[in-house]
Amino acid sequence: MKKNEPLIRITKRTDVSVKSGIIVRAIAIVLALIVCGIVTKLFTSDDPVSILKTILHGAFGKGRTLVTIHDIAILLCVSLAVTPAFRMRFWNIGAEGQVLMGALTTAMCMFYLGGKIHDTLLIVIMTVCAIATACIWAVIPAFFKANWGTNETLFTLMMNYVAIQLIEYFLKIADKSGSNVVGPNLLSHGWFPQLFHTDYLLNILIVAIITVVLHVYLTQSKHGYELLVVGESENTARYIGLNVKKVIIRTMALSGVICGIAGLLIVGGSSHSIDSNIAGGRGFTAIMVSWLAKFNPVYMVLTSLLLVFLSRGADEVSSKFGLNADFSQILTGIILFFIIGCEFFINYKVHFRDSKKAAKEDK
């Protein structure tokens, strides 16, 4: 035993099986729910079992299942958008702004062209504009990164705030009442049609198709391989003849396209309204979804399901027991703390120095 060995050492695990990882995550979720029950018990007179039932009802109660699935689909769509860039080690923190830009142009098309052209043509124009705008919004930081090595994290983060201000400007123009929201009464045209007389089904189907296509793109295509190589080492990528600048810009353009679709689905397919909080923080939550799923589109379905289920359940607990709206955020934070914490123990092992053994060896 070395005399200078630290009290605590952390080493990388290499032997964790898929089964063990699932078990650890399941235990973390159960512990998180128990802690949430205890915390809520301190503020209410209800028992923890009733609280857990409330969480379940909040996500999958009567008339809520389809809404929950839709929320999962939208979060999954944004998570898919950030994944190609993350696999390339391009830290795109601007998905929130890119979704907002897609939502903004969708709303503008509905506001200015609604009732003047047929709704079918309007939806086509909305789609093209939403995708193009979000794509451009994503390519701007990629262009600067590729040519001048700017910090993509700060660049994309700052563009979120620009997008918010652009929406605020549109709201003041479109709605003179000062309500800071343009609702269905002003955006009454260009709504996505129902499938089988069911709301949101078209949105869910579109996201399902994107999930399959992106999975194939990342795992089976040449472009998917190239962005991995660039992420591992730009010098290696250049050595084997890859155009690094082209790969960076192309990958971020893809992220922008998917974010634009997400903004389109939110405004045209579900809310039929717009405000500066229309993305609902999904651009940041998507980072966690993508990371927890190891940048795998298939695993992201489960991760999105978990986070949306827990979030809606926490909201229901807060509402049922008449607690402050921020209380649901406390519950969500507790749950995320356990989920993220378990990832540490899945990937790393903590070693403690054996003081007795060290004392014997020092003699």
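- Annotation: the span from Leu187 atom CG to Ser273 atom OG amounts to 7.0 Å, rounded to 0.5 Å.
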| task | I would like to know whether Ile204 and Leu66 meet side-chain contact (heavy atoms from CB on, under 4.5 Å); could you show each step before the answer? | result | CA-CA 10 Å; Ile204 296 169; Leu66 188 61; 4.0 Å; yes
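- Between the side chain of Thr303 and the backbone N or O of Tyr299, at least one donor-acceptor pair lies under 3.5 Å.
- Annotation: the span from Leu186 atom CG to Asp175 atom CG amounts to 6.0 Å, rounded to 0.5 Å.
- Aromatic ring pairs are classed by plane angle as parallel below 30°, tilted from 30° to 60° and perpendicular above 60°; the pair Phe60 and Phe309 is parallel.
- With hydrogens and angles ignored, the 3.5 Å screen pairs no side-chain donor or acceptor of Asp275 with any backbone N or O of Val181.
- Listed for the Ser311 side chain is no donor-acceptor partner under 3.5 Å among the backbone atoms of Leu307.
- Each of Leu302 and Ile74 belongs to its own hydrophobic cluster when Ile, Leu, Val, Met, Phe, Trp and Tyr are linked at side-chain heavy-atom distances under 4.5 angstrom.
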| Verdict with supporting geometry, Phe192 and Met126, side-chain contact (heavy atoms from CB on, under 4.5 Å) | CA-CA 11 Å; Phe192 281 17; Met126 287 159 46; 4.3 Å; yes
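- Within the 4.5 Å cutoff, the side chain of Tyr161 has no heavy atoms near those of the Gln165 side chain.
- A heavy-atom distance below 4.5 Å is not found between the side chains of Leu218 and Phe295.
- The distance from the CG atom of Leu214 to the CG atom of Leu80 is 5.5 Å, given to the nearest 0.5 Å.
- No continuous path of hydrophobic side-chain contacts links Val212 to Val301 [ILVMFWY only; heavy atoms under 4.5 Å].
- Linking ILVMFWY side-chain heavy atoms closer than 4.5 Å, directly or via other members, places Leu305 and Ile340 in a single hydrophobic cluster.
- Side-chain atoms of Arg87 and Thr83, non-hydrogen and from C-beta on, do get closer than 4.5 Å to each other.
- Contact annotation: the side chain of Asn147 approaches that of Lys245 to within less than 4.5 Å [non-hydrogen atoms, C-beta and beyond].
- Side-chain contact of Glu168 with Ser276: a donor-acceptor pair under 3.5 Å is present, judged by distance alone.
- In terms of heavy-atom proximity, Gly269 sits nearest to Tyr200 at O-CD2, 4.0 Å.
- Taking 4.5 Å as the limit, every side-chain heavy atom of Trp137 sits out of range of all side-chain heavy atoms of Leu104.
- Thr105 places a side-chain N or O within 3.5 Å of a backbone atom of Gly102 that can act as its donor or acceptor partner.
- In this structure, the side chain of Arg282 does not engage the main chain of Glu96 through any donor-acceptor pair within 3.5 Å.
- Nearest heavy-atom pair, Ala85 versus Met252, reported as atom, atom and distance to 0.1 Å: CB-SD, 3.8 Å.
- The two residues Ile278 and Ala103 make their nearest non-hydrogen contact at CG2-CB, 4.1 Å.
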| task | Let me see the working for Glu226 and Lys246 under salt bridge (charged side-chain N to carboxylate O under 4.0 Å, His left out), right down to the final yes or no. | result | CA-CA 10 Å; Glu226 289 177 350; Lys246 180 180 178 181; over 6 Å; no
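- In this structure, the side chains of Leu254 and His223 stay at 4.5 Å or more apart for every pair of heavy atoms.
- Atom NZ of Lys172 has 12 or fewer neighbouring heavy atoms from other residues, nucleotides or ligands inside a 6.0 Å radius.
- A single hydrophobic cluster is seen to contain both Ile249 and Met88, as judged by linkage of ILVMFWY side chains at heavy-atom distances under 4.5 Å, directly or through other members.
- With a 4.5 Å cut-off on side-chain heavy atoms, Leu76 and Val289 do not count as touching.
- No more than 12 heavy atoms of other residues, nucleotides or ligands shown are found within 6.0 angstrom of OH on Tyr239.
- When each of Pro84, Ser255, Pro141 is checked for a side-chain contact (heavy atoms from CB on, under 4.5 Å) with Asn92, only Ser255 meets the rule.
- Val78 is connected to Leu205 through a chain of hydrophobic side-chain contacts under 4.5 Å among Ile, Leu, Val, Met, Phe, Trp and Tyr, so both are in one cluster.
- Closest of all the heavy-atom pairs between Ala95 and Asn160 is N-OD1, 4.4 Å.
- Going from atom CD1 of Ile123 over to atom CE of Met110 covers 8.5 Å, rounded to the nearest 0.5 Å.
- Taking CE from Met288 and CD1 from Ile339, the interatomic distance works out to 8.0 Å, rounded to the nearest 0.5 Å.
- Side-chain contact between Leu201 and Gln194 is absent, with no heavy-atom pair separated by less than 4.5 Å.
- Here the side chain of Thr156 pairs a donor or acceptor atom with the backbone of Ile93 at under 3.5 angstrom.
- Contact record, Ala28 with Cys342: CB-CB, 3.6 Å, taken as the closest heavy-atom pair.
- In this structure, a donor-acceptor pair under 3.5 Å is present between the side chains of His118 and Thr120.
- Asn347 places a side-chain N or O within donor-acceptor distance of the main-chain N or O of Glu343, the cut-off being under 3.5 Å.
- Under the 6.0 Å distance and 45° angle rule, Lys12 counts as a cation-pi partner of Tyr348.
- With rounding to the nearest 0.5 angstrom, the CG atom of Leu56 is 11.0 Å from the CZ atom of Arg64.
- Considering all non-hydrogen atoms of both residues, Cys77 and Ile258 come closest at O-CG2, 3.3 Å.
- The main-chain N or O of Leu265 is found under 3.5 Å from a side-chain atom of Asn203 such that the two form a donor-acceptor pair.
- A donor-acceptor pair shorter than 3.5 Å cannot be found between the side chains of Ser79 and Ser290.
- Ring planes of Phe86 and Trp91: tilted class, angle from 30 to 60°.
- A donor-acceptor contact shorter than 3.5 Å is absent between the side chain of Thr106 and the backbone of Ala130.
- Proximity of a side-chain donor or acceptor of Thr198 to a complementary backbone N or O of Phe196 within less than 3.5 Å is detected.
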| message | Between Val67 and Arg312, is the side-chain contact (heavy atoms from CB on, under 4.5 Å) condition met? List the steps. | response | CA-CA 10 Å; Val67 177; Arg312 288 182 62 83; 3.8 Å; yes
| Where do Phe338 and Leu33 land on the side-chain contact (heavy atoms from CB on, under 4.5 Å) test, with the steps shown first? | CA-CA 10 Å; Phe338 275 86; Leu33 293 175; over 6 Å; no
